[in-house]
Amino acid sequence: EAAVMLVHPDWASSGMVGEEVQAFSDFLVYALDSDSVLGHWSIAVFDEASGFVDVYRGRHYGKIYPPTKVMTRHGRGKEQLRYKDCDVETKRANTL
């Protein structure tokens with residue numbers, strides 16, 4: 001829910017997010033789109049009642065964690081984080 005609140009702070013006042021409101025699997029999109037460890041995961045949600053499966057893939061799925069610090073050429077040599085791809089064998093094992 002914290003990741004949802006970063007994107008939609010107005011949802012707390014409207015009652016869409018909070019302790020009294022049930023979290024939905026749709027909220028996973030916000031956490032998986034972050035730079036946290038969750039951004040490297042893929043998650044499958046199985047709905048027993050309908051028989052459907054929802055698969056969510058993080059923005060950095062298939063990348064090595066933690067990111068590598070690199071100096072940028074532009075912007076006066078500022079430090080940035082860059083994610084490197086996993087090796088071929090790891091990618092193959094983790095392919096969805």
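Predicted, not measured: the structure shown is a model, and the values here were computed from it.
With sequence neighbours excluded, the residues forming a side chain to side chain contact (heavy atoms under 4.5 Å, CB included) with Phe52 are Ser50, listed by chain and number. The side-chain hydrogen bond (donor to acceptor under 3.5 Å, both in side chains) search around Asp10 returns none, not counting sequence neighbours. A search for side-chain hydrogen bond (donor to acceptor under 3.5 Å, both in side chains) contacts involving His60 returns Asp35, not counting sequence neighbours.
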Stepwise, does the side chain to side chain contact (heavy atoms under 4.5 Å, CB included) test hold for Leu28 with Val45? CA-CA 10 Å; Leu28 289 171; Val45 178; 3.9 Å; yes
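Shortest non-hydrogen contact noted between Trp41 and Leu32 is O-CD2, 3.8 Å. Of all non-hydrogen atoms in Ala31 and Ser36, the two that sit nearest each other are O-OG, 4.1 Å. The heavy-atom pair separating Lys63 from His40 by the smallest distance is O-ND1, 3.4 Å.
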